[in-house]
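Every number for a ligand or one of its atoms is a count from 1 in the order of the listing.
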Amino acid sequence: MIAIILGPQGSGKGTQAAVLRDRLGMLYIASGDVLRSARASDTELGAVVRRYMDDGHLVPDEITVRLILEIMPKAPADRDTLLDGFPRTVAQAEALDEALTEQGRRIEVLIELIAPLEVVKGRLQSRLVCRTCGAVYNSITAPPKVEGKCDLDGGELYRREDDNPDAIDRRLAIWERQNTELLEYYDGRVEHLRVDADRAAAAVADELVDELTRHKV
Ligand code: AMP
């Protein structure tokens with residue numbers, strides 16, 4: 001099964017994806033992580049990606065599609081896969097469908113995490129991320145046990161470059177526009193799971209695990 005998870009930044013996609021990876025053994029591919037690693041490279045590509053990402057703009061489709069398709073497993077894998085942050089535009093969705101069709105595969109499930117924009121904005125402003133393992137904390141609602149250090153591996157916690165107020169507003173505005181178009185694109189093509197994400201992460205996780213387990217039966 002290939003599933004995609006959609007929702008505004010800060011709706012908990014990364015947190016939920018980690019649960020689905022641990023509890024259902026899904027392979028997790030997050031375009032933000034893939035692009036952040038490209039951004040960190042000392043190459044021309046790295047410089048281009050950095051310019052778009054740090055201002056909260058989308059990286060051009062051509063670059064994003066190439067990087068993601070390069071790391072998607074090619075064989076009709078028996079490993080269930082979860083895509084987070086990709087596709088983000090209809091052009092990306094079309095490119096992905098084309099590549100999957102060639103392999104005899106398709107997107108089966110769309111998970112939509114639903115949360116009010118004011119809620120996610122607040123979460124993004126206090127989000128902290130582990131530099132080593134990517135675990136996500138919230139300095140107000142879910143702080144680490146030791147300030148500045150990851151509970152899991154002691155890694156340094158940092159604020160993402162694009163979690164500043166201007167970039168947050170820009171990213172959410174882009175998300176609103178693209179999300180409507182993507183939902184229209186996938187309407188009727190995939191099973192659509194709508195999940196209330198304005199709740200404790202554990203409650204959201206239990207619902208998602210139940211729904212995806214049911215889908216596989
Ligand atoms: P995220 O970690 O999903 O919030 O993504 C962080 C940033 O990476 C976004 O603001 C974009 O600059 C870039 N990005 C992530 N996914 C995509 C995508 N599918 N297409 C274009 N840019 C993306």
Side-chain angles (χ1 to χ4, degrees), residues 2-18 20-21 28-41 43 45-72 81-100 107 110-115 117 119-138 157-183 185-186 197:
I2 305 177
I4 57 180
I5 186 162
L6 297 184
Q9 290 84 353
S11 57
K13 296 189 296 290
T15 304
Q16 296 305 328
L20 297 178
R21 187 186 51 203
Y28 173 46
I29 300 176
S31 56
D33 292 345
V34 174
L35 289 167
R36 265 185 292 283
S37 112
R39 173 193 177 281
S41 73
T43 58
L45 174 71
V48 174
V49 170
R50 202 170 306 136
R51 212 173 53 232
Y52 286 98
M53 279 187 96
D54 292 358
D55 286 344
H57 291 292
L58 289 187
V59 174
D61 286 340
E62 190 189 278
I63 297 177
T64 309
V65 167
R66 180 163 54 76
L67 290 175
I68 300 291
L69 290 182
E70 263 172 25
I71 61 161
M72 286 260 314
T81 303
L82 179 66
L83 292 174
D84 167 6
F86 180 87
R88 202 86 144 221
T89 65
V90 169
Q92 292 178 9
E94 287 169 348
L96 176 63
D97 273 353
E98 204 176 301
L100 291 176
I107 305 287
L110 183 160
I111 301 164
E112 185 186 1
L113 295 187
I114 299 169
L117 288 190
V119 169
V120 300
K121 236 188 228 190
R123 288 183 186 171
L124 291 172
Q125 277 161 1
S126 43
R127 173 158 77 174
L128 297 168
V129 184
C130 173
R131 218 177 264 291
T132 320
C133 72
V136 178
Y137 297 83
N138 183 295
L157 300 185
Y158 78 108
R159 283 179 64 87
R160 277 172 41 172
E161 298 287 344
D162 56 357
D163 280 346
N164 67 73
D166 283 351
I168 288 173
D169 283 346
R170 198 170 297 126
R171 285 155 64 211
L172 288 173
I174 294 172
W175 170 81
E176 266 191 302
R177 195 172 58 240
Q178 304 290 5
N179 190 54
T180 309
E181 292 177 11
L182 276 178
L183 291 178
Y185 176 82
Y186 283 113

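At a 4.0 Å heavy-atom cut-off, ligand 1 touches L35 through the side chain alone. Under 4.0 Å from ligand 1, the heavy atoms of D162 that appear belong solely to its side chain. Of all the heavy atoms of R171, the ones lying under 4.0 Å from any atom of ligand 1 belong exclusively to the side chain. Looking at R39 against ligand 1, nothing comes within 4.0 Å, counting heavy atoms. Proximity of T64 to ligand 1, defined as any heavy-atom pair under 4.0 Å, is confined to the side chain (atoms from C-beta onward).
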Practice item. Please step through side-chain contact (heavy atoms from CB on, under 4.5 Å) for the pair Q9 and L172, ending with a clear verdict. Key: CA-CA 7 Å; Q9 290 84 353; L172 288 173; 3.5 Å; yes
Exercise for review: Decide side-chain contact (heavy atoms from CB on, under 4.5 Å) for L20 and Y28; before the verdict, give the C-alpha distance in whole Å, the side-chain angles of both, and the deciding distance to 0.1 Å.
Suggested key: CA-CA 8 Å; L20 297 178; Y28 173 46; over 6 Å; no
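At the shortest separation from atom 22 (N) of ligand 1 among protein heavy atoms lies V59 N, 3.0 Å. R88 NH2, 3.3 Å is the protein heavy atom nearest to atom 5 (O) of ligand 1. Looking only at protein heavy atoms, the nearest one to atom 4 (O) of ligand 1 is R160 NH2, 3.0 Å. Considering only non-hydrogen protein atoms, atom 20 (N) of ligand 1 sits nearest to Q92 NE2, 2.9 Å.
Heavy-atom neighbours of E181 CD from other residues, nucleotides or ligands within 6.0 Å: above the threshold of 12.
K13 approaches G7 most closely through the heavy-atom pair NZ-O, 2.8 Å. Here the closest heavy-atom approach between residue D163 and residue R159 is recorded as O-NH2, 2.8 Å. Residue I4 comes nearest to P87 through the heavy atom pair CG2-CD, 4.0 Å, listed as atom of the first residue, atom of the second, then distance. Residues G12 and R123 share a closest heavy-atom pair of N-NH1, 4.2 Å. A pairwise comparison of heavy atoms in L113 and A197 identifies CB-CB, 3.9 Å as the closest pair. S11 and P8 get closest at one heavy-atom pair: OG-O, 2.7 Å.
Assignment of R36 to the shell around ligand 1 is supported, since a heavy atom sits closer than 4.0 Å.
Ion pairing between a basic and an acidic side chain is recognised when a charged N comes within 4.0 Å of a carboxylate O; R39 and D54 show such pairing.
Remark: ligand 1 atoms within the under-4.0 Å shell around heavy atoms of Q9 are 4 (O). Remark: ligand 1 atoms within the under-4.0 Å shell around heavy atoms of G85 are 16 (N), 17 (C), 18 (C), 19 (N).
With Q178, R170, H57, M53 as candidates, the residue nearest to atom 8 (O) of ligand 1 on a non-hydrogen basis is M53.
For the pair S31 and ligand 1, the shortest N or O to N or O distance falls below 3.5 Å. For the pair P87 and ligand 1, the shortest N or O to N or O distance does not fall below 3.5 Å.
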